[in-house]
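Here's the structure we're looking at; comments come further down.
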Amino acid sequence: MNAPADVYDVVIVGLGPTGLTLAHGLGQRGHRVLVLEREPRFYGNARAVYTDGECMRIFQSIGMAERLAADMLQDAPVQMLLPSGEVLFQIKNTERPHGWPANNFFYQPLLETALADGLARHPNVTVRRGRELLRFEQDAAGVDVVHVASEGAGYGRPAGDAPPAQDEQHVRARWLVGADGGRSVVRTQLGIGMTGRNFPNPWLVVDIKAKNPEDGLRHLPYFDFICDPACPTVSCVQPNGHHRFEFMLMPGQTREQIEHPDTVRRLLSKYIEVDKFEVLRKLVYTFNALMAEKWRDRRVLLAGDAAHMTPQFIGQGMNAGVRDAYNLAWKLDAVLRGQAGEALLDSYEAERRPHAAAMTREGIRMKDFVSMVNPVGTVLRNVLTRLLTRLPGIGPFICRGDFIPKPTYRAGSYVGLPRSGWRAAEGRLMPQPLLRGPDGRRQLFDDLAGDGFVLVGTGCDPREGLDDASLALWRTLGARFVAVYPFGGRPAGDGVGHATPAGLVEAEDPDGAFHRWLRASGGGRGSVVVLRPDRFVFALVRAAQMPATTHELARRLHRTEPVAAAATARPAAAPGCMEAA
């Protein structure tokens, strides 16, 4: 290859939700990022329609949650309907363990546009639309990338057309991330295969919008799975007059027949007054449950649909990619800053792959539930569903949506201390309580904690158990130190001039949510919670264990310079963590 004209920390291929989230995560940490997007403008049609409270928390971490929420419908129940309109059961959950609603329905072009506009806050992030990856070569220090102008607004260059040589542009990156979808050029050039299942059942998706805002869909306020054996249907509520219907093709129906305007009109007329709506898109599609054989090849990584594809029936395709980006952003940041060794990036796939696979399996189960057409099978399904949703324990489990796999990393496969028991916190995402901050105002925990490592002391300064060498490492990592007290339990001072210790954020827990989680996880007063930048728990330990925990962190980060043993321990501070220990 020719010598590159420009050098970046990371080149991202693909400007969908995965690439956008990763660009924000790296951009806000100051890294030089180039994003290549083959489409000269946004695709413009809705694909994903739903995100959950966990991913809203991720959007919060990049400063975009409030902006995105302005164009979302939140807390809408999800219900299974019979053809008569009778509700088989509803999924309703108004709890907000991550600080955001569990159900958030959006119109994807609005979400992507807002995320793209938000990148203007990061002058170190460059977006090149209408540019597609042509080829790349990697060596021990980085990746040489060649990109060219794409053709028109279609996906990629027409087959057989070679780009003019003078159009080739060369850049150099320390890392390359393929977030370029299910037909990933990055994955293809790496020669990485996909394993899993292709589902032959085609569905027709129809996106509509009310011509007059007053002619909305008040009679369809929820997300409905219509379990009709004659025509399984999905009715998806969306904001700003948008709505989506999906209809499963039945045996004997062809793509041409079901995409015909008369057929589309007949299907829609069962639910809406068709003339009051504009049909924005109608398309027949099939879906896949596929996983890339590996997600990393030296300095090139895969994320989102390039790494895994899941059926859309639990709305987790886009969200899985957003989680990939969140996991990858802090690890790339640590490696780029020299805070961690490159081997840390091997934990990306080890952590994310099992959860993505679990979501895929659940999506397949939901597809099988909704799309059942066998008359005997549907009767049995309905009877069993009514029975199970009325039983103590399992009924609330189903109706709260708790069957959706939780963000818990598999034992032995995550960056963190081993779990001491099945309820232990390590390798799990810490909930986000609403705390009373230092200025007396309510704030979500993550806004107090920043975007790096966090040490949370329960009723004390979490630094009290650290020796000099351990404290130096945490400061090198840019960690933030937080003390959380019960409501009304924050130290009031011991006289004129008393002040909060330098570098400590003090907060109270008015609702008790933090302390309930702590007790359920086996902690108590005097415990220190060590949080990774993505808010997964690295450790929940007593203060006296913090030096050893810090040594273990250095090992898990694959640092070339481990924590030096301190000659003497730090002197005891005022009564707090150490006293409680």
Side-chain angles (χ1 to χ4, degrees), residues 61 326-327 330-331 333-334 339-340 344 347 351 407-409 411-421 423-433 435 445-446 448-485 503-507 509 514-515 517-559 562-563 566 569-570 573 576-578 580-581:
S61 76
Y326 193 42
N327 186 291
W330 79 264
K331 292 175 180 177
D333 172 63
Q339 297 173 346
L344 174 65
S347 69
E351 291 181 346
T408 299
Y409 292 143
S413 66
Y414 63 87
V415 178
L417 297 189
R419 282 193 284 272
S420 57
R423 297 179 66 184
E426 286 83 0
R428 303 180 193 273
L429 185 61
M430 187 188 113
Q432 180 176 209
L435 302 178
F445 173 85
D446 292 356
L448 288 169
D451 61 5
F453 284 94
V454 187
L455 273 62
V456 185
T458 308
C460 60
D461 188 334
R463 298 169 294 185
E464 292 174 7
L466 294 173
D467 56 39
D468 290 329
S470 298
L471 183 59
L473 174 64
W474 289 112
R475 286 175 172 162
T476 298
L477 295 175
R480 187 168 293 191
F481 309 102
V482 179
V484 178
Y485 299 91
L504 179 67
V505 178
E506 291 187 325
D509 184 22
F514 172 80
H515 286 86
W517 168 80
L518 188 74
R519 288 191 297 271
S521 302
R525 176 173 167 76
S527 297
V528 178
V529 185
V530 181
L531 294 176
R532 306 179 344 175
D534 58 1
R535 301 302 176 251
F536 278 80
V537 178
F538 180 88
L540 173 55
V541 296
R542 308 299 293 179
Q545 298 171 283
M546 279 303 299
T549 299
T550 306
H551 278 268
E552 182 61 19
L553 175 75
R555 188 180 74 82
R556 296 296 182 100
L557 293 179
H558 302 277
R559 291 176 61 86
V563 182
R570 290 175 57 81
C577 287
M578 294 301 290

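Atoms considered below: every heavy atom in the structure, side chains included; atoms not considered: hydrogens, waters and symmetry mates. Bear in mind the structure is a predicted one, so any value in this text is a computation, not a measurement. Counting begins at 1 with the first residue of the sequence.
Under the rule for a side-chain hydrogen bond (donor to acceptor under 3.5 Å, both in side chains), the partners of R532 that lie at least two apart in sequence or sit in another chain are E351, D534. Residues satisfying the salt bridge (Lys or Arg N to Asp or Glu O under 4.0 Å) criterion with D333, sequence neighbours excluded, are R29, R337. Remark: R555 engages E552 in a side-chain hydrogen bond (donor to acceptor under 3.5 Å, both in side chains) (not counting sequence neighbours).
Partner of F538 under the side-chain contact (heavy atoms from CB on, under 4.5 Å) criterion, out of L455, V415, L531: V415 alone. With respect to D509, the side-chain contact (heavy atoms from CB on, under 4.5 Å) criterion is satisfied by exactly one of F514, W517, F445, Y485: F514.
A distance of 6.5 Å separates OG1 of T550 from CG of L473, quoted to the nearest 0.5 Å. Interatomic distance, CE of M430 versus CG of D446, reported as 7.5 Å (0.5 Å rounding). Between L429 atom CG and R535 atom CZ the span is 9.5 Å, to the nearest 0.5 Å. The CD atom of E506 sits 10.5 Å away from the SG atom of C460 when rounded to the nearest 0.5 Å. The distance from atom CG of L471 to atom CZ of F481, rounded to the nearest 0.5 Å, is 5.5 Å. Distance CG/L540 to CZ/R428: 12.0 Å, rounded to 0.5 Å.
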V530 vs L417, side-chain contact (heavy atoms from CB on, under 4.5 Å): CA-CA, chis, key distance, verdict: CA-CA 10 Å; V530 181; L417 297 189; over 6 Å; no

V528/Q545 under side-chain contact (heavy atoms from CB on, under 4.5 Å): CA gap, chis, key distance, verdict: CA-CA 9 Å; V528 178; Q545 298 171 283; over 6 Å; no

Intermediate values then yes/no, side-chain contact (heavy atoms from CB on, under 4.5 Å), S347 and K331: CA-CA 9 Å; S347 69; K331 292 175 180 177; 2.9 Å; yes

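Listed for the R525 side chain is a donor-acceptor partner under 3.5 Å among the backbone atoms of G459. Side-chain N or O atoms of R556 include one that pairs as donor or acceptor with a backbone N or O of G416 at under 3.5 Å. Checked by atom type and distance alone, the side chain of R519 never pairs as donor or acceptor with a backbone atom of G524 at under 3.5 Å. Here the side chain of R480 pairs no donor or acceptor atom with the backbone of V454 at under 3.5 angstrom. Of the possible donor and acceptor atoms, one in the side chain of T458 sits under 3.5 Å from a partner among the backbone N and O of S527.
Between T476 and Q339, the shortest heavy-atom contact is O-NE2, 3.3 Å. Closest approach of V482 and V484 over heavy atoms only: CG1-CG2, 4.0 Å. The shortest heavy-atom contact between Y326 and P533 is OH-O, 3.7 Å. When all heavy atoms of P462 and G457 are compared, the pair lying nearest together is CB-N, 3.6 Å.
The aromatic rings of Y409 and F536 lie parallel to each other, with less than 30° between the two planes, well short of the 60° mark.
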